[in-house]
Structure formats: C-alpha cells, structure tokens
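Okay, so here's the structure we're looking at.
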Amino acid sequence: MKPTIRPVKGTRDFYPEEMAFRTWLYGQMKAVSQKFGYQEWEAPILESLELYAAKSGEELVKEQSFVFADRGGDTIALRPELTPSLARLVAQKQRELPKPIRWWSFGPFWRYERPQKGRTREFFQWNIDLIGVNSAYADAELVAIGAEFFKSIGLSAQQIVVKVNDRKLMEEQLAQLGVPPDQIEGVYRLIDKLDKLPAEKWRAYGIDDIGLSTEQIDRLSALLTNRELWKESADLTAFFNAIDDLGVSDYVEYDPSIIRGLAYYTGVVFEARDRSGEFRAILGGGRYDNLVGDVGGDPLGGIGFALGDVVIGLVLEKFGLKPQLRPAPADVLVTIFDAVLARTSAKVAAQLRSGGVKTELYPDAVKLDKQLKYANTQAIPIAIIIGPDEATQSQATVRDLRSGQQQVVKQAELVEQVGNWLGTK
RNA sequence: GUGCCUGUAGCUCAAUGGUAGAGUACUGGACUGUGGAUCCAGGCGUUGCGGGUUCGACCCCCGUCAGGCACCCCA
C-alpha cells in the first residue's frame, strides 16, 4: 500500500459519482421544501460552543462535538446540529421576521463518535422548520413534508413509516403512574430502549437503574403497547385529523414508544423508519416551544425535523431506488480524427456550445476507438466524428451511442440535428 | 469509553505451516474511420507494520496501526 494520507476518520470522499447522488438528494429536498413554500437559508458551520451548551443533550456537547480553540482563545464547535443556530437567527430578528417562518437548509454537520453503519463523523442533513405557530396543522405539515419527500423519491408507505408521539401526553401518563418530574428524563431513556433491550433486561434496567417499582414498570409496559393511547390527547386527535386532510395518513402511525433523545422537545415528536426496522431512524424531529427563548429571544415555538444523507442512501440502496446518475454532464463528445483535423473539431465543439449544447472535446488525437470507448464509459449519448470525408464537404457524422445509429449532416446544422437526437431518445 | 471481527494485486476475494492465485479493472492486439460483446497477450504484491515460535509463517503467538460492526449516544 502506498503511503497515502488517509481521509480523516469518519469522513467520506465524494467522487463525482457520490457527489451526483448528493446533488440529486439536495434537488429532491429543495423541490419538496419549495412545494410547501419553504425558504432556503444557511447558518455558519462554526458556532460558539455555548450555543449548544444551552439546550442540546449533555453528551452531545461534551463528548460528541468537534471543539477547538481559535487563535483568539474562543471555544468554537463544528456544528453538531442546526436547530440552535436556527433559534439564534430567529431571535436576532425576531420582531421583523414575518410569521410563520418556513425555512429549510441542507449542509454538513459533525459529530465526534465511532463511525459505524449509517453513521459517520461528517454527514449532510436536510433541516426544515416551521416557527411561530403552534397548531395541529403546523405539526402535521412537517410530518406531511417528510412523507411527501419519501413519496417523491419512490419510497412507499409499505416501506417507510413515520411514527408519532407527544411528550405532553407522555408526561401526563407518567404523572398518573406516580413518576416524579425529576425522574421523567430517566424514564424517557428507558422508553427509548424498549426495542433495543430484551424484555427481561429492559425490566431490570427500569427497576434497578431508573428506580421504578414493579407495578410502575408493568403499567408503563402496558402503556407502551397501547396503540390507542393518542385518543386521550386532544392535540394528537387534532393532529391525526390534520394528517388525514393532508393526504398522507398511510405513512403515519401512532407509537407510544417514540420519545427522541433531544432534551428540547416539548410536544409532538416523530421519527421515520423503514418498516422492517433494519436501519436507524431516517429522520427525526419534533416540537420545541422554548428554544428561541433559551437563546435570548422572546418565547417562540416551532417544529422541525432533520434527515441525514447517510441512512437515506442505505435505505434507497436496499430497495433498489438509488438513481443511476451520470456524473458526466456532456451530451456530446466531439472526437478528433487526427492532428490535421483537430482545429475543425475544436471549432465544431465551440459552435455546439454556442448553441447551448453541453459538449466535450476529446483533448488528444488518439485512435478513434479509444475516444468512443471513453464516451461509452462516461455514458455520453452522442459522438461526433469529422474525418477527411466529412471535412471536405463541411459535414460531420453524428453517432448515437445508445442506439448505434449514425448519420452524416452538414456542420452548419449540427446544433439543430443534435437537439433532435437528444430530444427523440 | 467497552466488546467482537477483519487487514493478501487498483477493486472484490482465494490459498490442510511447505516458494502467492482467480475474477474484475487496466494496457496492447484480433479490428490502422467507429464504443458496448467475444477471444488472445501483458504487468502487478516488501501478504498493514514490528517482534516471536518453527527447518520453513499469509496461516500459530504477542504487540502496534488501520478499517468494519455492535454497545454507549443520537441532531
């Protein structure tokens, strides 16, 4: 093995093929965001560590952030998530921003942890948020956007499900079980582990580590399998009606075991998974009603979710839905027959570009079969050949590499002819 | 931070302790004005690195580095 410098642990190199997928993903996210009227925005990748100290989970800040001191001695973090930045931007212009605020963003994030399947240290995330409104339609809209996104990239409701719960409902239910407020966070952790631990271990964890009584854990256990629990919540009832109205109810289910890890969620929480449960959560989100206030603004609530590029890539691959993308943007390769005719080919290439055709000029007068082979590996659909026969009559051979058909046309008509070939296939 | 697994050709992987191979990719040719298919030819390795055991190590042992997976945690 050559002594090459390795990429930083947990990062990925985006060769043109991978970059084409990322760009495609971005395009799908943009399309769905705009369909719902959301505006694109972006925050700095560097933020003060204290921005996260306010509200994100303890572990996230202390153990999982890339943190460094800049040359002036300030403590800077590579952003591990976007929502605190969002709260900061909103708080800064809170009075002048027209409500409701509908914003979306796509960019890189970093977490310092051990990479494994579906998890890297650098990842890209779509964030989309609706701020300034607390209503069933606001909550349902975000879930609907997620569902519309899945639909748009070919993932059906048989393959993907968005599971929804409400922390307010859970708080009430836990209070009825006699769980004191300071124990709720621990019980949330316990709930989060429900499908990760075997039943016996889960019980033991709840009793020994969280401090529940056997009666409490039995009742909690019953609670977490009660798929009708949402009917006891007026908010969730209105939410599911709104989901119905928005036409995405086939993607959405109630699940009392959905809690999500972040400390700042205050109401509806949701996550999307593949129905077989093979992968980690594809997206996760919820309502946060205190966040803007926590960074110094007036209390203003919002709801949003984040969807990363890694897991969705794995899911699309599994279902055979990852698009076959062509990294080469050119539609035409102009070959060079020999050194003498190189100038003719170069002029033809320039002419095609003036006509708006994405054109590559082969940069060397090598054997024709090599040039065509190159076009083939790049999946460039059309090759143009100008040999002595064509040149003497100001003509060019247009070869369609998809069908193998070819035709001799006048050079002056190339733009039009190529347009026809591209359009009819 | 904890545990398990894996490091062999550019890539994917073989090789009862007896001098290291295949597919694919690449290059050239069959086909000197035409790609994909087929056939032929060609090069390739300090077996991650360092020690040890052995007459002999890709193989066994120790260390080390790297990667993967799971736990932890999850935006």
Side-chain angles (χ1 to χ4, degrees), chain A residues 1-10 47 51-52 55-65 77-87 105 107-129 188-189 192-193 196-197 201 205 259-265 269 271 279-286 288 291 304-311 333 335-338 341 362 365-391 396-406 408:
Chain A
M1 186 61 83
K2 279 170 255 169
T4 52
I5 296 172
R6 297 177 162 282
V8 172
K9 188 185 187 72
E47 292 276 11
L51 176 66
Y52 305 102
K55 263 302 165 185
S56 309
E58 281 271 296
E59 171 135 359
L60 175 55
V61 175
K62 287 187 179 157
E63 312 284 344
Q64 297 185 348
S65 291
L78 289 178
R79 63 183 188 188
E81 59 161 330
L82 190 63
T83 309
S85 299
L86 171 67
S105 184
F109 296 86
W110 291 267
R111 286 165 88 178
Y112 193 84
E113 54 185 356
R114 296 281 286 264
Q116 51 198 273
K117 193 173 187 183
R119 175 198 279 179
T120 56
R121 285 183 171 184
E122 181 189 56
F123 55 96
F124 289 76
Q125 237 182 24
W126 176 34
N127 280 263
I128 184 161
D129 293 272
Y188 280 172
R189 263 205 310 283
D192 204 43
K193 287 183 192 300
K196 292 174 184 166
L197 292 176
K201 280 196 169 174
Y205 181 81
I259 283 295
R260 305 298 302 161
L262 276 185
Y264 53 60
Y265 290 132
V269 286
E271 66 183 41
F279 302 98
R280 332 173 159 267
I282 303 166
L283 69 78
Y288 42 87
L291 198 62
F305 70 78
L307 182 151
D309 67 316
V310 182
V311 177
L333 176 75
T335 61
I336 292 185
F337 190 81
D338 59 29
L341 289 166
Y362 199 91
V366 297
K367 287 209 293 190
L368 206 50
D369 75 321
K370 186 165 180 179
Q371 298 186 44
L372 289 169
K373 201 166 188 167
Y374 167 76
N376 199 52
T377 62
Q378 297 298 304
I380 296 171
I382 289 179
I384 288 176
I385 300 158
I386 306 159
D389 298 346
E390 292 93 338
T397 297
V398 180
R399 181 173 179 83
D400 189 321
L401 297 175
R402 296 163 298 185
S403 64
Q405 292 176 344
Q406 64 182 43
V408 179

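Just so it is clear, the structure is predicted and the values come from calculations on it, not from any experiment. Chain letters run A, B, ... following the sequence lines, proteins first, then strands; residues in each count from 1.
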How far does the [atom1] atom of [N] sit from the matching atom of [M], given to the nearest Å?
| N | M | atom1 | value |
| --- | --- | --- | --- |
| B:rU8 | B:rG21 | C1' | 10 Å |
| B:rG35 | B:rG29 | P | 13 Å |
| B:rG48 | B:rA57 | P | 15 Å |
| B:rU6 | B:rG56 | C1' | 26 Å |
| B:rC74 | B:rG63 | C1' | 35 Å |
| B:rG23 | B:rC44 | C1' | 15 Å |
| B:rG43 | B:rA9 | C1' | 10 Å |

request  = Could I get the full list of side chain to side chain contact (heavy atoms under 4.5 Å, CB included) partners for A:S105, not counting sequence neighbours?
outcome  = A:W41, A:E42, A:L82
request  = Please identify each residue that fulfils side chain to side chain contact (heavy atoms under 4.5 Å, CB included) with A:A379, with sequence neighbours left out.
outcome  = A:R326
Salt bridge (charged side-chain N to carboxylate O under 4.0 Å, His left out) partners for [X], two or more places apart:
| X | answer |
| --- | --- |
| A:D338 | none |
| A:E47 | A:R88 |
| A:R114 | none |
| A:E271 | A:R260, A:R273 |

ask   = Within the structure, does a side-chain N or O atom of A:K367 lie under 4.0 Å from either OP1 or OP2 of B:rG35?
value = no
What nucleic acid atoms does [X] come within less than 4.0 Å of, heavy atoms only: base, sugar-phosphate, or nothing?
| X | answer |
| --- | --- |
| A:Q378 | nothing |
| A:F123 | nothing |
| A:A306 | sugar-phosphate |
| A:N127 | nothing |

message = What does the 5'-to-3' dot-bracket notation of RNA chain B look like when only Watson-Crick and G-U wobble pairs under 3.5 Å count, and pairs to other strands show as |?
response = (((((((..((((....[..)))).(((((.......))))).....(((((..]....))))))))))))....
Taking the side chain as every heavy atom from C-beta outward, state whether [X] and [Y] have any atom pair closer than 4.5 Å.
| X | Y | value |
| --- | --- | --- |
| A:E122 | A:F109 | no |
| A:L368 | A:I385 | yes |
| A:R280 | A:Q116 | yes |

Protein-nucleotide distance ([X], atom [atom1]; [N], atom [atom2]), rounded to Å:
| X | N | atom1 | atom2 | value |
| --- | --- | --- | --- | --- |
| A:E390 | B:rG33 | CD | P | 12 Å |
| A:K370 | B:rG33 | NZ | P | 17 Å |
| A:F337 | B:rU32 | CZ | P | 11 Å |
| A:Y205 | B:rC71 | OH | C1' | 13 Å |

So which protein nitrogen or oxygen atoms get under 3.5 Å of nucleotides 36-40 of chain B's nitrogens or oxygens?
{"residue": "B:rG36", "atom": "O4'", "partner": "A:N376", "partner atom": "ND2", "Å": "3.0"}
{"residue": "B:rG36", "atom": "N2", "partner": "A:L401", "partner atom": "O", "Å": "3.3"}

A:F279: partners by ring-ring contact (aromatic ring centres under 6.0 Å, His included), with sequence neighbours left out = none
key: For A:Y362, ring-ring contact (aromatic ring centres under 6.0 Å, His included) partners two or more places apart   =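 If we apply the ring-ring contact (aromatic ring centres under 6.0 Å, His included) test to A:Y362, skipping adjacent residues, the hits are A:Y374.
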inquiry  = On the side chain of A:Q406, is there an atom forming a donor-acceptor pair with the base of B:rU34 - under 3.5 Å, no angle test?
reply    =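 By the distance-only test, yes, there is a pair.
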Report each atom pair, protein N/O against N/O of nucleotides 64-70 of chain B, whose distance is under 3.5 angstrom.
{"residue": "B:rA66", "atom": "O2'", "partner": "A:R6", "partner atom": "NH2", "Å": "3.4"}
{"residue": "B:rG67", "atom": "OP2", "partner": "A:K9", "partner atom": "NZ", "Å": "3.0"}
{"residue": "B:rC69", "atom": "OP1", "partner": "A:K117", "partner atom": "N", "Å": "3.2"}
{"residue": "B:rC69", "atom": "OP2", "partner": "A:K117", "partner atom": "N", "Å": "3.2"}
{"residue": "B:rA70", "atom": "OP2", "partner": "A:Q116", "partner atom": "OE1", "Å": "3.4"}
{"residue": "B:rA70", "atom": "OP2", "partner": "A:K117", "partner atom": "N", "Å": "3.1"}

key: A:Y188: partners by side chain to side chain donor-acceptor pair (under 3.5 Å), with sequence neighbours left out   = none
